Amino acid sequence: MLSGCLERYNTEWVKIVTKVKITTRTIKGQTGYDVAVLDPAAAVEDYLTALDWVIAEAGLFRARTPGRTTCHGCDRCCAERLPLTWIDYLNLRTAVGLNTGLETFLATYGHVAVDGPAVDITLAADAGGRCCFLDPERKACRVYPARPLTCRTFICSPSTARARRLRATLVNRGEDELVRQWLLEARHRGKPPLGHEAYRPRPRLGDWPPTPFSGRSHYREVLLRSVCPPALWQDLTDGT
Ligand code: SF4
């Protein structure tokens, strides 16, 4: 069972899920949030859980549509770039009932773009640029419990620099592992990896070393400390 607390101090909400603290604060005149890490053993799942609770309980969102008071029925974030992590892939594969390899999953639900040595793996989009998992009529996510890290951490409100850096770092390192697995699978098959678009492709497995996501299958297994560069870790744990 999760231990945690949500308390209101003056005009600020502070959410502490044992190891991660999310604090609402005013940023450029709007309600936004900051994140701090209280325990070196905090995992990515602790951060995600803290965000979930604050979004739900403190109403931490800045509705872009006038009159809207919740995220339900709003699909604006589903047209953003949607990079996938290795763990996102594992969760989504289960959600859609696929028991095949990464390349088969990406052929239907992903988009792989290769530019020289760089590889970007994102969710596939429909003709209108919206995520392939979006139900356009209900404007609802068809895989909500398994939605990717990018979606779980998208908050339609401002955040501090360290909160933005943490989110970007987790998404990027998780995607690095997915690219590594994509290259490993191709090597195992003895064939070049398949992508959807490529410009002078020359991805090399040697450019994608193991990451803190390697061998992990759940966000509770990935420690924030293992993913964050030293400067970011210092920033996240400073003054907490
Ligand atoms: S996975 Fe769900 S929440 Fe994420 S972009 Fe797609 S439809 Fe939206």
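Since the model is a prediction, treat every value here as computed from it, not as a measurement. Just follow the structure's listing: the first ligand is 1, and inside any ligand the first atom is 1.
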**Prompt:** Between Tyr219 and Tyr47, does the ring centre distance come in under 6.0 Å?
**Reply:** no
**Prompt:** Of the backbone atoms (N, CA, C, O) and the side-chain heavy atoms from C-beta on, which set of Leu82 has a member under 4.0 Å from an atom of ligand 1: side chain, backbone, both, or neither?
**Reply:** side chain
**Message:** Whether Arg189 and Glu185 form a salt bridge (side-chain N of Lys/Arg under 4.0 Å from carboxylate O of Asp/Glu) is what I want to check.
**Reply:** yes
**Request:** Under 4.0 Å from a heavy atom of Leu134: give me the atoms of ligand 1 that qualify, with their elements.
**Result:** 7 (S)
**Plane angle bin for Tyr109 and Phe133 - parallel if under 30°, tilted between 30 and 60°, otherwise perpendicular** = parallel
**Prompt:** Would you call Asp120 and Arg81 a salt bridge, taking side-chain N to carboxylate O under 4.0 Å as the test?
**Reply:** yes
**Message:** Under 4.0 Å from a heavy atom of Cys151: which atoms of ligand 1 are those, numbered in the order shown and with their elements?
**Reply:** 1 (S), 3 (S), 4 (Fe), 5 (S)
**Request:** Under 4.0 Å from a heavy atom of Pro148: give me the atoms of ligand 1 that qualify, with their elements.
**Result:** 1 (S)
**Among Leu224, Asp238, Asp46, side-chain contact (heavy atoms from CB on, under 4.5 Å) partner for Val37** = Leu224
**Request:** If you have a sec, work out which protein heavy atom is nearest atom 6 (Fe) of ligand 1 and how many Å separate them, to one decimal?
**Result:** Cys131 SG, 2.3 Å
**Message:** List ligand 1 atoms under 4.0 Å from Phe133, heavy atoms only on the residue side.
**Reply:** 7 (S)
**Asked** Where does Cys78 meet ligand 1, judged by heavy-atom distances below 4.0 Å: at the side chain, the backbone, both, or neither?
**Response** both
**Message:** Below 2.8 Å, can you find an N, O or S atom of Cys141 next to atom 8 (Fe) of ligand 1?
**Reply:** no
**Item:** Cation-pi geometry met for Arg216 and Phe213 (6.0 Å, 45°)
**Value:** no
